[in-house]
Amino acid sequence: MPEIPVIRNIMSINDALAAAVRRQLDAAGVLALNIMASPGAGKTSVIMRTVETLKSEMTIAALDGDIATVDVEKIARTGIRVALINTGGNCHLDANMMTSALSSLDLTGVDLLLVENVGNLICPAAFELGTHYNVVIASVPEGDDKPYKYPAMYRGADVLLLNKIDMLPYQEFDLAYFRHGVEVLNPGLAFLPLSARTGEGFDAWLDWVRAAVARQRASIAPSGKPGVSQA
């Protein structure tokens with residue numbers, strides 16, 4: 001029986017669009033982070049604390065993938081440029097959605113673009129967006145077995161934030177078991193425990209962002225043309 005390569009074609013088209021998005025971001029000198037997590041892990045809280053701390057150092061914009069305006073309205077209150085990508089119920093963002101969203105967002109002077117993906121740990125891992133780094137947020141109340149249940153998400157991460165560590169004294173969360181699962185899937189992955197509520201551990205995350213933005217700035221050749229990105 002002949003194989004109908006529908007899925008392969010969809011992914012190749014998405015990858016081509018993602019490459020175009022990456023070129024657009026590089027040409028604008030923007031570093032973009034794809035922030036993924038399950039619902040309730042704290043994506044919006046991490047974004048808001050990051051923005052509030054860094055917006056005096058750099059120009060930040062955000063895209064929020066959602067079907068409701070609750071989170072995008074929260075982010076907008078930080079005073080940065082932000083736009084909603086209404087997925088219409090789809091379980092992930094894709095490169096075509098990014099292309100449309102970027103056409104409505106002024107990237108002039110923007111250093112850092114934070115993309116809040118749809119809240120789940122399966123579909124977002126499969127679609128390239130054209131962003132430079134994948135940031136995965138886990139949280140203590142979710143439990144310590146997520147790397148074992150959703151390996152694709154952890155395998156594709158460039159940095160892992162463990163949020164809500166202020167809850168560790170009150171939850172049965174085996175940190176060693178969690179880290180072992182991560183290391184098996186993604187050896188040497190940058191692992192940053194923090195609390196977006198209290199700020200504990202947040203400095204390490206902010207330093208990681210500052211360094212990534214600096215690398216993107218350095219990749220722009222003196223002529224003003226983009227160089228080789230660091231992803």
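We number each residue from 1, following the sequence as shown.
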| field | same_hphob_cluster(L114, V82) at 4.5 Å side-chain heavy-atom cutoff | value | yes
| query | Are any non-hydrogen side-chain atoms of I67 and T87 less than 4.5 angstrom apart? | reply | yes
| request: Scan for ring-ring contact (aromatic ring centres under 6.0 Å, His included) pairs involving residues 17-56, sequence neighbours excluded, and state none if there are none. | output: none
| request: Look up atom CD in Q171 and atom CG in D166, then write down how far apart they are to the nearest 0.5 Å. | output: 10.0 Å
For residues 153-163, run the donor-acceptor check on the side chains, cut-off 3.5 Å, and write out each pair with its distance to 0.1 Å, sequence neighbours left out.
unit_1	atom_1	unit_2	atom_2	d
D158	OD2	N134	N	2.7
N163	OD1	A196	N	3.0
N163	ND2	A41	O	3.0

| Do side-chain atoms of D64 reach the backbone of L84 as a donor and acceptor pair under 3.5 angstrom? | no
| said: Please give me the minimum heavy-atom distance between E183 and L189, naming the atom from each residue. | reply: OE2-N, 4.1 Å
| Applying the 4.5 Å side-chain criterion to the ILVMFWY set and letting contacts propagate, would L102 and V110 be lumped into a single cluster? | yes
| message | Using modelled atom types and a 3.5 Å cut-off, is there a donor and acceptor pairing between side-chain atoms of N120 and backbone atoms of C91? | response | yes
| task | Would you indicate whether L168, at its atom CG, is surrounded by more than 12 heavy atoms from other residues, nucleotides or ligands within a distance under 6.0 Å? | result | yes
| Is V46 reachable from V209 through a run of I, L, V, M, F, W or Y residues, each pair having side-chain heavy atoms under 4.5 Å apart? | yes
| Is any side-chain heavy atom of M97 less than 4.5 Å from a side-chain heavy atom of N90? | yes
| What's the spacing between T131 OG1 and L63 CG if we round to 0.5 Å? | 10.5 Å
| query | Got a sec, which pairs hit ring-ring contact (aromatic ring centres under 6.0 Å, His included) with one end in residues 29-61, sequence neighbours left out? | reply | none
| Side-chain heavy atoms under 4.5 angstrom apart, residues restricted to Ile, Leu, Val, Met, Phe, Trp, Tyr: same cluster for L33 and V21? | no
| Test side chain to side chain contact (heavy atoms under 4.5 Å, CB included) applied to D71 and K43, step by step | CA-CA 9 Å; D71 291 341; K43 296 187 298 299; over 6 Å; no
| said: Run the side-chain contact (heavy atoms from CB on, under 4.5 Å) test against A212 and tell me which residues pass, sequence neighbours left out. | reply: L31, Y133, W208, R215
| request: Check L105 against A61 and note the closest heavy-atom contact, atom names and distance. | output: CD2-CB, 4.1 Å
| field | Atom pair CG (L113) and CD1 (I60), whose distance is rounded to the nearest 0.5 Å | value | 10.5 Å
| field | Rounded distance (nearest 0.5 Å) linking atom CD1 of I80 with atom CE of M58 | value | 12.0 Å
| task | May I have the step-by-step check of side chain to side chain donor-acceptor pair (under 3.5 Å) for N14 and D94, ending in yes or no? | result | CA-CA 7 Å; N14 183 81; D94 60 35; over 6 Å; no
| With F173, which residues qualify under ring-ring contact (aromatic ring centres under 6.0 Å, His included), at least two apart? | F178
| said: For F202 and T50: C-alpha separation, side-chain torsions, deciding distance, then whether side chain to side chain contact (heavy atoms under 4.5 Å, CB included) applies. | reply: CA-CA 8 Å; F202 225 79; T50 301; 3.6 Å; yes
| task | Find the distance between NZ (K164) and CD1 (I137) and round it off to the nearest 0.5 Å. | result | 10.0 Å
| said: With heavy-atom distances below 4.5 Å as the criterion, would you say the side chains of V72 and T69 are in contact? | reply: yes
| pair Q24-T99: side-chain heavy atoms closer than 4.5 Å | no
| task | Mind listing the closest non-hydrogen atom pair of V30 and Q216 along with its distance? | result | O-NE2, 3.0 Å
| message | Can you tell me how far apart CG (N34) and NE2 (H132) are? Round to the nearest 0.5 Å. | response | 12.0 Å
| Audit row: W205, V135, side chain to side chain contact (heavy atoms under 4.5 Å, CB included) steps and yes/no | CA-CA 11 Å; W205 160 240; V135 180; 4.0 Å; yes
| query | Where do V118 and P124 come nearest, in terms of heavy atoms and distance? | reply | O-CG, 3.7 Å
| message | Taking ring-ring contact (aromatic ring centres under 6.0 Å, His included) as the cut-off, I'd like each qualifying pair that reaches into residues 74-130, sequence neighbours left out, listed once. | response | H92-F127
| Closest approach of R81 and T59, non-hydrogen atoms and distance? | NH2-CG2, 4.2 Å
| request: List the atom of K55, the atom of T78, and the distance in Å for their closest heavy-atom pair. | output: NZ-O, 2.8 Å
| query | Got a donor-acceptor contact below 3.5 angstrom from the E142 side chain to the S139 backbone? | reply | yes
| message | I'd like to know if R210 and D207 make a salt bridge, using a cut-off of under 4.0 Å between side-chain N and carboxylate O. | response | yes
| field | Flag if over 12 foreign heavy atoms under 6.0 Å of CD, E128 | value | no
| task | May I ask whether I47 and L192 are part of the same hydrophobic cluster, defined by side-chain heavy atoms of I, L, V, M, F, W, Y residues being less than 4.5 angstrom apart, directly or through others? | result | yes
